[in-house]
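Let me begin by presenting the structure, written as structure tokens, before commenting on it.
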Number of protein chains: 2
Amino acid sequence: MARPKTHTAEVAERLMECALEAVARDGIGSLPLRSIAERAETSTTAVYALFGNKEGMQRAVLTRAFGEFADDQELIEVTDDPVTDIAGLGAHYVQWAIDHPRLYEAMYGEALAGLTPSEELSEARLRAVARISDAVQRALDSGAFRPADHATVVVSLWAQVHGLATLMMAGHLPDGADPALAAWATIEGWFADARR
Amino acid sequence: MARPKTHTAEVAERLMECALEAVARDGIGSLPLRSIAERAETSTTAVYALFGNKEGMQRAVLTRAFGEFADDQELIEVTDDPVTDIAGLGAHYVQWAIDHPRLYEAMYGEALAGLTPSEELSEARLRAVARISDAVQRALDSGAFRPADHATVVVSLWAQVHGLATLMMAGHLPDGADPALAAWATIEGWFADARR
DNA sequence: GTTGTTATATAACAACGTTATGGATGGAGC
DNA sequence: GCTCCATCCATAACGTTGTTATATAACAAC
């Protein structure tokens, strides 16, 4: 009894791809709806029909970005040495951020202060650090790490890689600094015995 | 032989105060020149005469913010125990970020990816971590920290506090996590002897 | 076909950063 | 003291942004 929809999920996917590309290139701040819609061969109305508004589209882009980031983390094989796993996950974490600076910037920079997160966005965020969280739990269970609160250890390691990634992207890394060694020190800080 | 200037340094200061206030409240992204100029009782032209353009004004705001941040770091008294100093500086670092979330966000978030830094901005940035850098040097000299590259240790500790601050601001801190303990682990990671 | 309802593209609107414009200003020259 | 006129700056205009209103288009029911 009405006109059939043409703003389908397929159009949403096209829009999403164009938007993700634009954000990865120019950052989350500059995302002109007109050019995005034009590139996706539709009109700006589609954005409002499918994502609500610009902020909704930004949220969707960030959710997608977190998903791809989590996929990358999950490429790391799980071994029976949680400490090695943590080191590998950390290195991968930083590398992804370096490879996708604008995306990572948007994920952990402006996103927090600016737009209010949706349910899916929060979930996607959790998945991004799930592997590290798991590895820390195994390190604690195996006795490789001294007894400590799981959340505290996770935050310590997460802050380390997140901070390293951000500083490196910003060009703040002083000459001669070794990020891998820097991260390793934080891991060692949790060792049960002083093995160095 | 010409009309005297009214776009004086005093006007620049008024503009700066209004802009800093606006950025601290709404973030670096939303800084409407018209309303800033109106609040400073001048016109938008003054912004272009005194700061070049909006980006110049943003740079100036960030430089000022870094200055205030560095002032705060320098409030911490220097003792003869560098490790205690580092812990205190780190706690102060995180606290300032929590107290000025939009400012810190602007300083280390968008600023890097977006606008190109000026000379003064780069200097102001360096001053912000000068105290931590000094304390690390003393910790290395005194033998409290095991022999390591100064820049690497600085980056490790800096990344830790920066990461903690960012994650806390973003509400990413898991329940039960103790940021002070988390930071302390990174410090311990550099201890010469396993004193815990 | 006509009508009713929904969907969409287009055009209009307000706000933004930036640039042009034209009036205002006050010492220099007489 | 009067006229320049180089200089400065508030105002208005321009292009682009996100968003909303409007009018057209497309189908189902009668």
Side-chain angles (χ1 to χ4, degrees), chain A residues 1-16 18-62 102 106 110-111 113-116 118, chain B residues 1-16 18-62 102 106 110-111 113-116 118:
Chain A
M1 191 176 173
R3 178 177 173 175
K5 288 198 171 205
T6 61
H7 287 170
T8 62
E10 186 194 353
V11 174
E13 177 60 27
R14 274 212 311 274
L15 276 170
M16 167 63 75
C18 295
L20 191 67
E21 189 182 339
V23 170
R25 190 179 51 245
D26 301 324
I28 192 85
S30 130
L31 192 143
L33 292 192
R34 280 174 175 78
S35 70
I36 298 293
E38 191 178 3
R39 214 167 305 174
E41 292 177 344
T42 178
S43 70
T44 58
T45 315
V47 174
Y48 288 87
L50 294 165
F51 298 96
N53 54 12
K54 183 182 181 178
E55 189 175 322
M57 180 143 214
Q58 289 175 326
R59 258 194 294 268
V61 166
L62 288 185
R102 297 298 160 97
E110 190 169 350
L115 42 98
T116 53
S118 65
Chain B
M1 190 174 173
R3 178 177 175 177
K5 288 201 171 204
T6 61
H7 286 169
T8 61
E10 187 194 353
V11 174
E13 178 58 27
R14 276 213 309 276
L15 276 170
M16 166 63 75
C18 295
L20 191 66
E21 190 182 338
V23 170
R25 190 178 52 246
D26 301 324
I28 192 85
S30 130
L31 191 142
L33 293 193
R34 280 173 175 80
S35 70
I36 299 292
E38 191 178 3
R39 214 167 306 175
E41 293 177 344
T42 180
S43 68
T44 57
T45 315
V47 174
Y48 289 87
L50 293 165
F51 298 97
N53 54 12
K54 182 182 182 178
E55 190 176 321
M57 178 143 215
Q58 290 175 327
R59 256 193 296 268
V61 167
L62 289 184
R102 295 298 159 97
E110 188 170 350
L115 42 98
T116 53
S118 65

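Convention: sequence-line order gives letters A, B, ...; per-chain numbering from 1. Since we're looking at a predicted model, the values are computed, not measured.
- When every heavy atom of A:Ile28 is checked against every heavy atom of A:Leu31, the shortest pair comes out as O-CB, 4.1 Å.
- Nucleotide D:dC8 holds its P atom 12 Å from the CG atom of B:Leu50, rounded to whole Å.
- Between A:Val61 and A:Ala19, the shortest heavy-atom distance links the atoms CG2-CB, 3.7 Å.
- To the nearest 0.5 angstrom, B:Lys54 atom NZ is 10.5 Å from B:Met57 atom CE.
- Nearest heavy atoms, A:Val23 versus A:Ala106: CG1-CB, 4.5 Å.
- Put simply, CG on B:Leu50 and CD on B:Glu13 are 11.5 Å apart, with the number rounded to the nearest 0.5 Å.
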Between the protein and nucleotides 15-19 of chain C, list the N/O to N/O atom pairs that are separated by less than 3.5 angstrom.
from	atom 1	to	atom 2	distance (Å)
C:dG17	OP1	B:Leu31	O	3.0
C:dG17	OP1	B:Lys54	NZ	2.9
C:dG17	OP2	B:Leu33	N	2.9
C:dG17	N7	B:Arg34	NH1	2.7
C:dG17	O6	B:Arg34	NH2	2.8
C:dT18	OP2	B:Tyr48	OH	2.9
C:dT18	OP2	B:Lys54	N	3.0
C:dT18	O5'	B:Tyr48	OH	3.1

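- In plain terms, the two heavy atoms of B:Ser35 and B:Pro32 that are nearest each other are OG-O, 3.1 Å.
- In the helix from C:dG1-D:dC30 to C:dC30-D:dG1, the end axes, each obtained as the rotation axis mapping the C1' atoms of four pairs onto the next four within a five-pair block, lie 30° apart to the nearest 10 degrees.
- Rounded to whole Å, the distance from CZ on B:Phe51 to P on D:dC9 is 14 Å.
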Candidate pair B:Val11 and B:Arg14, rule side-chain contact (heavy atoms from CB on, under 4.5 Å), full reasoning: CA-CA 5 Å; B:Val11 174; B:Arg14 276 213 309 276; 4.0 Å; yes
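- Residue-environment remark: CD (A:Glu38) stays at or below the threshold of 12 foreign heavy atoms within 6.0 Å.
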